[in-house]
Amino acid sequence: MKSRGFILFFLLIIFSKLNRATLVESEYECLYNLLSKILNVSKNFYIESDNRYAFCQTVDKSDFVWAQCYDGLVYSIFLGGNNKSTIISNNDFNCFSSLKTIEIFFNYKFERNFLPGLSNNLVNFKSYSSDESLIDIDVNANKTIPIRFLYIYQLQIKRDFNIYFSNYVNVRNFEIDTLQSNYQINYINNLVDLECDFDIVSISSNNIPSMNNIKVNSLYIKLLSNFNIDSFNNFSTYTNNVSIELTPSDPSMIFPFPSPFSVESLVINYQIEKPLDFIDLSKFQNLNYLEIANVGDLFNIDGELPFINMQNIGNFQFSNGKINYLNFTNLLTNLDYLKMENNGMTGTLPKKYPDNFKDLILKGNKLTGEIDESWYGKNFDISDNYISGELPSCFKCYYLQPLISSSLSGNRFKNFDPSNLEPCLDLELNLVYNHSFNRSLTLYGKNLGLLFNSFSIDNKALSPLPIDVCKEYNIRMKLTVPGDAPKVINITFPFLPQGPRTFEISAYNEFLPQIHSIIRYSDYFIISGKYFAYNQSVINVLISNHSCSIITSNFNEIQCYLSNSNQTIDNEELITSIIQVMNVSSTFNFTVNQACNGSNCPIANCNKYGEYNYESGVCDCHSNEWRGYSCELKSLNCLSNDCSGNGYCNGIIGKCECNKNRIFDDCSGIVCNDGNGCFNGANCNFQIGICNCSSKWIESSGCSIPKQLIDSQQLEQIENEKILTLFGWFGNINRFLTILIDGKICDIISNDNETIQCYPPNYQCDFIKTSSLELSVSQNNFIWNGTYNPIFINACSNSNEGSSSSSSSSSSSSINNSYSSNSNENNQKENSSLSHKNQILVITLSIALSLILLGLLDEFSKNKIKLINL
C-alpha cells in the first residue's frame with residue numbers, strides 16, 4: 001500500500017513537470033514562428049519525445065535559454081542570435097496570451113511603432129545593443145507604449161532623434177542609454193493637457209528636457225557631447241522632482257551649476273564652471289542632499305566654498321575640487337554626512353569626533369590635528385592628510401583590518417609606523433556571566449575590536465553586539481539556539497599586528513582558580529593552572545604573605561615578580577601562595593630551594609635576547625628592552641623614565657621605585673606629615689608636601705594639633721573677683737597652655753575647645769581702655785598675639801557699660817621667638833605687679849602671723865619666759 005502511494009506521488013511530480021514544459025499548440029506555434037525568423041530551429045534545438053522542439057526552460061545546443069514557460073504558456077522570451085537582416089514585428093509577440101517579459105540581446109531591426117504596438121499584457125521589456133528603429137515612433141497620442149518597465153541599453157542612432165514624452169505616459173520606469181555619436185537625441189515635452197507621473201527616468205540626451213506637467217521621483221540624465229547649454233533654463237520647470245542626477249558622457253566636460261529649482265536630492269558628476277557669485281542654496285526648495293563628485297578647479301570663490309545659506313543641507317559632498325581652507329567650527333550642526341575628498345584644503349580636525357556626523361569623509365587633503373578614542377566605531381576616512389599626535393591604541397591594534405587602514409593611512413601619527421607595526425600588548429579581556437539573563441555574557445576590557453568582525457567566537461551559537469566599541473560587547477545566544485550561554489569561550493582576533501591570536505577565557509567568579517604547579521626562577525614565579533585571567537588588574541598573588549607583582553597572565557598561566565625573594569620568603573620549607581581572580585581565590589602550597597642558583601634552579605630558555613646566568617638562575621637580558629625570567633617580554637616604560645629624579649624605573653613591572661616620602665607613578669609627589677597623612681578633613685598638597693589645613697590647625701602637625709584663635713574677650717566682676725573669658729578656638733590638645741597680659745600671667749581657671757577663663761592682672765578699667773596692652777595665648781609651641789580689649793560686664797566701679805565690641809589685631813609667632821615688653825610702662829603699671837589672688841594670699845598670711853604672736857606674748861606673761869629676738 002505504501003509502495004503504491006509512493007509511485008502515485010512520483011507520477012504526479014512527473015506530470016507536473018511535463019505540464020510546465022509542454023506548450024499548448026497555439027503557444028508552441030507562435031514561439032516556433034518567432035525563432036524560425038531569426039535562426040535555424042532544427043540546428044539549434046533538441047527534439048522532445050513528441051517530435052516537438054524543446055523551446056521551454058531548457059538550453060539549446062549553444063547553452064542559451066530562449067523561453068520560460070509555465071502551465072503550457074510562454075511567460076518570458078530571451079532573443080539572442082546574429083541575423084542582422086531580421087526585422088522584428090510586434091505581431092511576433094502579440095500571439096502569446098500571457099507573455100510578461102521580453103529581453104533582446106542583439107541589434108535587430110524593428111518595424112516602425114514596434115513598442116506602442118505590443119500587447120497590454122507585457123510588463124517588462126529590455127534590449128541590449130538595439131537599433132534606432134526600436135524607438136522610431138509616430139508622434140501621436142494614440143501611439144503610447146503599454147509597457148510599465150522599459151529598459152533600452154546601448155542604443156545606436158545614425159540620425160538625429162527626438163523622443164516625445166507623450167509616447168511614454170503609460171511607462172512607470174524607463175531607461176534609454178544611447179551610445180556616443182555625432183547625432184543629436186533630444187527629449188521633447190509635448191504634454192499640454194496631459195499629466196505624467198514617472199517613478200524612474202534615466203536618459204542620454206543632448207538637452208535638459210522641460211518637465212511641465214511631469215512628476216519624476218528619480219531622474220538621471222547623461223549629458224551627451226554637443227549639448228545644448230541653453231536648455232539649462234528648463235530647470236525652472238522642475239517643480240515635482242524628488243531626485244536628480246546629472247552625469248557627463250565625458251569626464252572633462254564642464255557645465256554651469258543649475259539655476260534654483262525644487263528638488264530634494266541633487267547629484268552632479270560633471271566639472272562645474274566658475275560662478276559669478278556665491279550660490280544661495282536656500283533658493284533650492286526642499287534641497288537637503290547635495291553631491292558634487294568631480295568639482296574641478298574652477299568652482300570656488302577665491303578658494304572658498306561657493307555656497308551660502310546651507311542650513312537645510314543634511315548631506316553634503318564636495319570632492320576633487322580646489323578649496324583653500326575648511327573651518328570645522330563653522331560647519332552646520334544639521335549636517336550628518338560630509339564628504340570632501342581631494343580638495344587640497346587645510347584646517348584643523350577636531351580631536352573629539354563631532355557628535356552630529358554619522359559619516360565624515362575627508363581623505364586627500366592637508367588637514368592637521370589629532371584624534372582621540374571618541375572616533376572609535378565611527379564611519380570616517382581621514383587618510384592622506386597631515387594628522388599627527390598619538391594614534392589611539394585600538395586603531396593601532398586593528399590597523400591590519402582593511403577598513404581601518406584605508407581610513408587612517410598616509411598620516412603622521414608620532415607613535416605609529418605602518419611599515420613597522422608593534423604588537424598589541426594591551427589587549428584586555430574580561431568576561432561576566434549575566435545571571436539575570438542566562439543566555440548572555442558581557443565581554444569588556446580594552447582594545448576588543450572596532451568592527452563586528454574584529455574577533456570571532458568558536459561557539460557559533462553566540463552573537464556579539466557592541467555596547468561601547470573597543471570596550472564592551474554583549475554576547476548573546478542566537479534566538480534559534482536553545483539553552484544557556486557557556487561560561488568558557490574561545491575568542492580569536494585575526495587582525496592583530498603580531499598575527500592571529502586565540503584566547504580561552506572564563507567568566508569571573510564562576511570557577512575557582514586551579515593551580516597545578518608553581519616554578520620559581522630567582523625572583524620570578526611561574527604559576528600554571530586554569531581559570532586565571534588576561535586582565536592583570538583583577539589578579540592578586542601572595543607568596544608567603546608577600547605581594548608578587550603580576551608580569552603576564554592568561555587563562556592558564558601567571559608570571560609574577562617578587563623582589564629579593566630569598567630574603568622575603570625567609571628560607572621556609574613549605575611556601576604558601578594565594579591566587580585571587582576577581583572575588584574568588586585558591587591556596588596552593590609548594591616547596592622551593594631558596595638559594596636557587598646554579599644547578600638547583602630550573603634553567604630558562606633565554607631566546608635570542610639574553611644569556612642564562614647560573615648564579616642568579618634567570619636570564620641576563622642583552623639590553624634594557626627586554627624583561628622576564630627568559631627575556632621573553634618587552635620591558636615596560638614608566639610614566640617618567642627618570643622618575644623625576646626621586647627614584648628609579650623598574651622596567652620589569654613598569655613602575656617607578658620612589659625614594660622615601662615620594663609618591664605617584666613618576667615620584668613627583670611629596671608625602672605630607674612624614675607619610676602619616678592629613679587629619680581633620682585636610683588634603684595633602686603633594687607638590688610641596690604640606691597639608692592644606694583650615695585656620696584651626698597647625699600645618700606641620702598634619703592638621704592634628706589645634707592652632708588657637710581669639711574671636712572676643714569678656715571681663716566680668718563676680719563677687720570680689722574679676723574673671724576674663726576668652727572666646728574662640730583652642731581645641732582639645734593644650735600642651736603648655738599659657739595666657740599673658742602685658743607679660744603678666746592670667747591664672748587659668750578652666751578651658752574647653754572654644755573658651756578659656758582666667759584671673760587677669762588687676763588693672764583699672766580706664767587704664768585698660770586707654771592702653772594697648774598685649775594679650776598672648778600660647779600652647780602646643782604656637783603663640784597667638786593680640787590686644788587686650790575686653791568687653792566689661794560689672795567689672796569696673798567707674799564704668800558699667802564698657803566697650804560694645806572687642807576688636808583685636810592679632811599675630812602669631814613661634815614660642816621660640818623672643819618676647820619684649822614695653823620699656824615705657826608708667827609707674828602705676830609697674831606697681832601693679834601682684835595679681836589680685838596674690839594680694840589676698842599676703843593679707844591672709846599677715847593675719848595668721850599676728851595671731852601667732854599674740855599667743856606667744858600671753859604665754860610669756862604667765863611663765864616669765866624671756867623673749868629673745870622673736
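Position 1 is the first residue of the sequence, and the numbers go up from there.
- Counting heavy atoms from C-beta on, the side chains of Lys471 and Leu448 never come closer than 4.5 Å.
- Inspection of the Ser436 and Asn434 side chains reveals no N or O donor paired with an N or O acceptor under 3.5 Å.
- Between the side chain of Asp742 and the main chain of Leu773, no donor-acceptor pair closer than 3.5 Å is present.
- Cysteines Cys643 and Cys667 keep their SG atoms at least 2.5 Å away from one another.
- Between the side chain of Gln714 and the backbone N or O of Leu726 there is no donor-acceptor pair closer than 3.5 Å.
- Tyr508 meets the side-chain hydrogen bond (donor to acceptor under 3.5 Å, both in side chains) test with Asn430; sequence neighbours excluded.
- Residues Asn545 and Thr576 bring no donor and acceptor atom of their side chains to less than 3.5 Å of each other.
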Kindly list each side-chain donor-acceptor pair under 3.5 angstrom involving residues 577-585, sequence neighbours excluded, with atom names and distances?
residue: Ser577; atom: OG; partner: Phe588; partner atom: O; Å: 2.7
residue: Gln580; atom: NE2; partner: Met582; partner atom: O; Å: 2.9

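- Sulfur-sulfur distance for Cys746 and Cys758: below 2.5 Å, consistent with a disulfide.
- Between the side chains of Asp523 and Ser563, no donor-acceptor pair is found at a separation under 3.5 Å.
- Taking Phe532 as the reference, nothing meets the ring pair (Phe, Tyr, Trp, His ring centres under 6.0 Å) condition, with sequence neighbours excluded.
- Taken together, Cys691 and Cys678 meet the criterion of an SG-SG distance shorter than 2.5 Å.
- Remark: Phe413 pairs with no residue by the ring pair (Phe, Tyr, Trp, His ring centres under 6.0 Å) rule, at least two apart or across chains.
- Under 3.5 Å, the side chains of Gln757 and Thr725 contain a donor-acceptor pair of N or O atoms.
- Legend: residues meeting ring pair (Phe, Tyr, Trp, His ring centres under 6.0 Å) with Phe437, ordered by chain and number and at least two apart, are absent.
- Side chains of Ser668 and Asp666: a donor on one and an acceptor on the other come within 3.5 Å.
- Residues Asn661 and Asp674 have side chains that bring a donor and an acceptor to within less than 3.5 angstrom of each other.
- The backbone N or O of Cys656 sits nowhere less than 3.5 Å from a side-chain atom of Asp665 that would complete a donor-acceptor pair.
- Aromatic ring orientation, Tyr531 versus Phe511: parallel (interplanar angle below 30°, classes split at 30° and 60°).
- Looking at Asn646 and Ser644, their side chains never bring a donor and an acceptor atom within 3.5 Å of each other.
- For Lys655, the salt bridge (Lys or Arg N to Asp or Glu O under 4.0 Å) test picks out no residue, with sequence neighbours left out.
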